[in-house]
> 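The following block contains the structure, expressed as structure tokens.
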Amino acid sequence: MSPENSPVPATEVHEPSQCRAVSDVLSRIGDKWSVLVVMQLSNGSRRFSDLRRSIGSISQRMLTLTLRGLERDGLVTRTVTPSIPPRVDYALTDLGHSLREPVQTLGRWAFANRERIADARSRFDQDAR
């Protein structure tokens with residue numbers, strides 16, 4: 001969406017109260033675990049254990065906290081199927097699916113610019129010495 005088509009006028013986005021609101025949302029969707037969970041769920045619902053295996057380096061506690069936060073923010077649903085042991089599935093909501101494209105776009109940008117960023121970091125670190 002271009003700034004001209006934004007539902008919030010550009011002047012309002014820079015108001016302190018709006019900046020805090022945006023910062024609050026970005027802190028949830030901008031952490032590395034949330035991004036990975038959203039992308040893992042973008043192709044359909046997954047069980048907790050499947051998510052944990054596919055992400056690999058995330059602890060059970062961190063995955064639980066991440067999923068709870070995403071659920072609280074309306075990005076993920078949690079469905080418990082009574083069985084022994086209980087089956088718990090997670091899926092993106094419509095709001096969660098709407099996050100997929102911006103996350104993919106940001107990922108493509110990061111991938112395309114990773115070498116430039118690495119070079120800039122090296123120059124900065126050299127200058128700091």
Side-chain angles (χ1 to χ4, degrees):
M1 179 179 303
S2 69
E4 304 85 46
N5 297 333
S6 173
V8 179
T11 54
E12 287 183 36
V13 172
H14 299 290
E15 293 293 320
S17 63
Q18 295 296 328
C19 288
R20 281 189 292 278
V22 169
S23 178
D24 182 51
V25 171
L26 290 178
S27 69
R28 162 66 54 219
I29 62 172
D31 78 76
K32 77 176 186 178
W33 300 122
S34 293
V35 168
L36 289 171
V37 168
V38 166
M39 294 315 296
Q40 289 296 318
L41 294 175
S42 67
N43 293 318
S45 67
R46 305 277 297 271
R47 294 178 75 171
F48 182 92
S49 56
D50 293 337
L51 278 171
R52 185 156 180 228
R53 258 191 312 279
S54 65
I55 294 172
S57 58
I58 192 169
S59 69
Q60 182 171 336
R61 180 178 186 279
M62 185 52 67
L63 181 55
T64 298
L65 292 172
T66 300
L67 287 165
R68 281 187 189 156
L70 291 169
E71 184 179 11
R72 180 175 182 249
D73 289 349
L75 300 169
V76 167
T77 60
R78 179 180 185 266
T79 304
V80 179
T81 304
S83 62
I84 299 178
R87 178 185 172 117
V88 181
D89 291 284
Y90 295 89
L92 291 179
T93 62
D94 288 342
L95 182 60
H97 277 289
S98 73
L99 184 56
R100 181 181 178 180
E101 184 178 333
V103 167
Q104 286 177 323
T105 300
L106 185 56
R108 283 191 296 272
W109 178 89
F111 188 78
N113 290 287
R114 69 191 185 288
E115 290 178 16
R116 292 174 63 192
I117 292 168
D119 291 345
R121 287 176 179 172
S122 291
R123 284 191 306 276
F124 181 90
D125 293 346
Q126 283 290 350
D127 291 346
R129 290 183 198 159

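Small disclaimer: the values here were computed from a predicted structure and weren't measured.
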> To the nearest 0.5 Å, how far apart are CH2 in Trp109 and CD1 in Ile117?
4.0 Å

> Show the nearest heavy-atom pair for residues Ser42 and Arg100, with the distance to one decimal.
O-NH1, 3.4 Å

> Per the side-chain hydrogen bond (donor to acceptor under 3.5 Å, both in side chains) rule, what does the pair list look like for residues 115-129, sequence neighbours excluded?
Asn113-Arg116

> Any side-chain hydrogen bond (donor to acceptor under 3.5 Å, both in side chains) pairs touching residues 82-97, not counting sequence neighbours?
Arg78-Tyr90, Arg87-Asp89

> Which heavy atom of Ser98 sits nearest a heavy atom of Pro102, and at what distance?
O-CD, 3.3 Å

> Find out if a path of hydrophobic residues (ILVMFWY) with successive side-chain heavy-atom gaps under 4.5 Å connects Leu26 to Leu36.
yes

> Kindly indicate, with the supporting measurements, whether the criterion side-chain contact (heavy atoms from CB on, under 4.5 Å) is fulfilled by Leu41 and Leu51.
CA-CA 8 Å; Leu41 294 175; Leu51 278 171; 4.0 Å; yes

> Report yes if some heavy atom in the side chain of Thr79 is under 4.5 Å from a heavy atom in the side chain of Val88; otherwise report no.
no

> Quick one: CG on Leu70 to CG on Leu95, what's the gap to the nearest 0.5 Å?
10.5 Å

> Using the rule that two of Ile, Leu, Val, Met, Phe, Trp, Tyr join whenever any of their side-chain heavy atoms come within less than 4.5 Å, decide whether Phe111 and Met39 are in one cluster.
no

> Can you tell me how far apart CZ (Arg52) and OG (Ser57) are? Round to the nearest 0.5 Å.
10.5 Å

> In Å and rounded to the nearest 0.5 Å, what is the CZ to CZ distance from Arg47 to Arg53?
8.5 Å

> Which atom pairs, one a donor and one an acceptor, fall under 3.5 Å between side chains of residues 58-66 and the rest of the protein, sequence neighbours left out?
unit_1: Ser59; atom_1: OG; unit_2: Met62; atom_2: N; d: 3.0
unit_1: Thr64; atom_1: OG1; unit_2: Gln60; atom_2: O; d: 2.9
unit_1: Thr66; atom_1: OG1; unit_2: Met62; atom_2: O; d: 2.8

> Rounded to the nearest 0.5 Å, what's the gap from CG on Leu67 to CZ on Arg72? Could you check?
15.0 Å

> Between Leu92 and Val38, which heavy-atom pair has the shortest distance, and what is it?
CD1-O, 3.7 Å

> With hydrophobic residues grouped by side-chain heavy-atom distances under 4.5 Å, do Leu106 and Trp33 end up in a single group?
no

